[in-house]
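Input: one structure, supplied below.
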Protein chains: 2
Amino acid sequence: MCLTRKSRLTDIRKQVLKTVWSSHTPIGAYDILSRLNARGGKAAPMAVYRALDFLMENGLVHRIASLNAFVGCAHPGEHHAGQFLICRDCGNVAELDNADVKRALAKAVTARGFTIDSEVIEISGRCPHCREHTP
Amino acid sequence: MCLTRKSRLTDIRKQVLKTVWSSHTPIGAYDILSRLNARGGKAAPMAVYRALDFLMENGLVHRIASLNAFVGCAHPGEHHAGQFLICRDCGNVAELDNADVKRALAKAVTARGFTIDSEVIEISGRCPHCREHTP
DNA sequence: TCAGGAATGTTATGTTATAACATTTCACTC
DNA sequence: GAGTGAAATGTTATAACATAACATTCCTGA
Ligand SMILES: [Zn+2]
Ligand SMILES: [Zn+2]
Ligand SMILES: [Zn+2]
Ligand SMILES: [Zn+2]
């Protein structure tokens, strides 16, 4: 765990992180909650949302706004934005961090006089595997 | 109204479209509902969501996924995607349709073997006006 | 050991969105 | 101009997502 940067990976945060990763597709906060409580727990939604906030701040999890769901970060490190490719058939998500996209976007945004605080880039489509198997 | 393409701009759809445009910032479905019912109406959420679905299909309104809210389309026409710049201070939204961004994104996506069905590109930041007035 | 902040617990409520089925409206045909 | 079928709307209920507010516990460092 890269949490030698003074952030505390407490038990519930670890459980939520595990649960997010145990799903191969984006998972909703209440689904996370159910899985935690499935083995006898009695956590409340707040606990999950707080853990998710922590994990997002620490670059371990991303929120997929278009799905109201969460995925583990493919390249954990500092807090960062990425581009997400979501397969509409199997639900799998690929995380990109493409320099050309960021550059083109930054140029277009600054041309309008805006500054960037955060980005949401989510593409819905079909992954190679699903394209091959269901024409 | 460009609805000579056989889609019916009925009364409730027109009211919802007007309400979306009457707000200078993205507006939530339930806020739209309140404004409709403010003058005595008694519509239900479904009516608003159905009207919004119609307006989005017809390229008159966009959904801002990161805000769970809706804005009028700046360049109405066919159904299309855009890039949205959202000012975190004043809430105003600028709609872009930048060719370089689309090109870079399409390239990065196809390089991964994905196809694109729909895009969500939403940048949160500060607009020129707010940058000037609050340093 | 004893603060003081960070983390969690607890309860309640707010907000956003859809399911399922009934009824009405409207364009089109006969 | 009555019949008909699809599109649109009405209605009721509920699912799904998220936060407010305040109490309590836990950890760290003086
Ligand atoms: Zn990441
Ligand atoms: Zn797939
Ligand atoms: Zn548009
Ligand atoms: Zn602004």
Side-chain angles (χ1 to χ4, degrees), chain A residues 1 3-20 23 25-38 40-58 60-71 86 91 118 120 122 124, chain B residues 1 3-20 23 25-37 40-58 60-71 91 118 120 122 124:
Chain A
M1 298 300 179
L3 295 184
T4 34
R5 59 162 170 275
K6 286 170 191 157
S7 41
R8 294 166 51 193
L9 186 59
T10 59
D11 184 58
I12 187 162
R13 290 167 176 176
K14 193 183 295 185
Q15 284 183 259
V16 170
L17 181 57
K18 277 186 187 174
T19 307
V20 168
S23 168
T25 58
I27 182 173
Y30 278 76
D31 286 344
I32 294 171
L33 185 63
S34 317
R35 295 200 191 182
L36 292 188
N37 289 345
K42 50 184 188 303
M46 272 311 302
V48 173
Y49 280 104
R50 285 196 280 231
L52 287 169
D53 284 344
F54 169 88
L55 295 169
M56 286 189 288
E57 280 168 12
N58 285 272
L60 297 168
V61 158
H62 291 286
R63 172 178 161 75
I64 307 293
S66 57
L67 300 176
N68 292 325
F70 303 84
V71 285
I86 307 158
S118 64
V120 173
E122 297 167 8
S124 178
Chain B
M1 299 301 179
L3 296 184
T4 34
R5 60 161 171 275
K6 285 171 191 156
S7 41
R8 294 166 51 194
L9 186 60
T10 60
D11 184 57
I12 188 164
R13 290 167 175 176
K14 192 183 296 184
Q15 284 183 257
V16 170
L17 181 56
K18 277 186 187 173
T19 306
V20 168
S23 168
T25 58
I27 183 173
Y30 279 76
D31 284 345
I32 294 170
L33 185 63
S34 316
R35 295 200 191 183
L36 292 187
N37 289 345
K42 49 185 189 301
M46 271 313 300
V48 172
Y49 280 103
R50 285 196 281 231
L52 287 169
D53 284 344
F54 169 88
L55 294 170
M56 285 190 289
E57 279 168 11
N58 285 272
L60 297 168
V61 158
H62 293 285
R63 172 178 161 75
I64 307 294
S66 56
L67 300 177
N68 293 324
F70 303 83
V71 285
S118 63
V120 173
E122 297 167 7
S124 178

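Each chain gets a letter, A, B and so on, in the order its sequence line appears, and its residues count up from 1.
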Presence of A/R50 side-chain N/O under 4.0 Å of C/dT8 phosphate oxygens OP1/OP2: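 So the side-chain polar atoms of A/R50 never come under 4.0 Å of the phosphate oxygens OP1 or OP2 of C/dT8.
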Residue pair B/S23 / B/R35, side-chain heavy-atom distance below 4.5 Å: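 Result yes, sub-4.5 Å side-chain heavy-atom pair found.
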Integer-rounded Å distance: C/dA6 P and A/I12 CD1: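 Spelled out: CD1 on A/I12 to P on C/dA6 is 19 Å.
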Positional range of nucleotides in DNA chain D within the contact set of chain A, heavy-atom, under 4.0 Å: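 Contact boundaries, 5' end first: D/dC17 to D/dC27.
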Given DNA chain C, 5'-ward residue of the pair A/Y30 and A/A47, judged by closest heavy atom: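 Per heavy-atom nearest nucleotide, the more 5' residue is A/A47.
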Interatomic distance, B/R8 CZ vs C/dT24 P [rounded to whole Å]: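 Taking atom P of C/dT24 as the reference, CZ of B/R8 is at 16 Å.
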Reported OG1-to-CD distance for the pair A/T10 and A/Q15, which is rounded to 0.5 angstrom: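 One gets 9.0 Å once the value is rounded to the nearest 0.5 Å.
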Residue met sooner reading DNA chain D from 5', once B/R13 and A/F70 are mapped to nucleotides: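 Nearer the 5' end of the strand: B/R13.
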Whole-Å gap separating P (C/dA22) and CE (B/M46):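 Nearest whole value for this atom pair: 16 Å.
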Closest contact, heavy atoms only, A/K42 versus A/N37: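 Scanning both residues completely, I find the closest heavy atoms to be N-OD1, 3.2 Å.
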Rounded distance in Å - CG (A/L36) to P (C/dT8):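 Roughly 12 Å, once rounded to whole Å.
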Shortest non-hydrogen contact from B/I12 toward B/A51: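 Taking B/I12 first and B/A51 second, the nearest heavy atoms are O-CB, 4.4 Å.
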Smallest separation among heavy atoms of A/F70 and A/V20, with atom names: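 The pair with the smallest heavy-atom distance is O-CG1, 4.2 Å.
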Overall bend - the helix from C/dT1-D/dA30 to C/dC30-D/dG1, comparing terminal axes fitted on five pairs, nearest 10 degrees: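 Here the local axes at opposite ends form an angle of 20°.
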Heavy-atom pair with the smallest gap, counting every atom of B/A47 and B/A43: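 That closest heavy-atom pairing would be CB-CB, 4.5 Å.
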Spacing of A/K42 atom NZ relative to C/dT11 atom P, expressed in whole Å: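 Value for this atom pair: 11 Å.
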Closest approach of B/S66 to A/A65 (non-hydrogen atoms, all atoms of both residues):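 Residues B/S66 and A/A65, closest heavy atoms: CA-CB, 4.2 Å.
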Value in whole Å for how far the P atom of C/dT25 lies from CG of B/L9: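 Nearest whole value for this atom pair: 18 Å.
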Value rounded to 0.5 Å, distance of CD1 in A/I32 from CG in A/L17: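 CG of A/L17 is found 10.0 Å from CD1 of A/I32.
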Whole-Å distance separating the CZ atom of A/F54 from the P atom of C/dA7: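 That distance rounds to 7 Å.
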A/I64 CD1 to A/E122 CD distance, which is reported to the nearest 0.5 Å: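 CD of A/E122 is found 5.0 Å from CD1 of A/I64.
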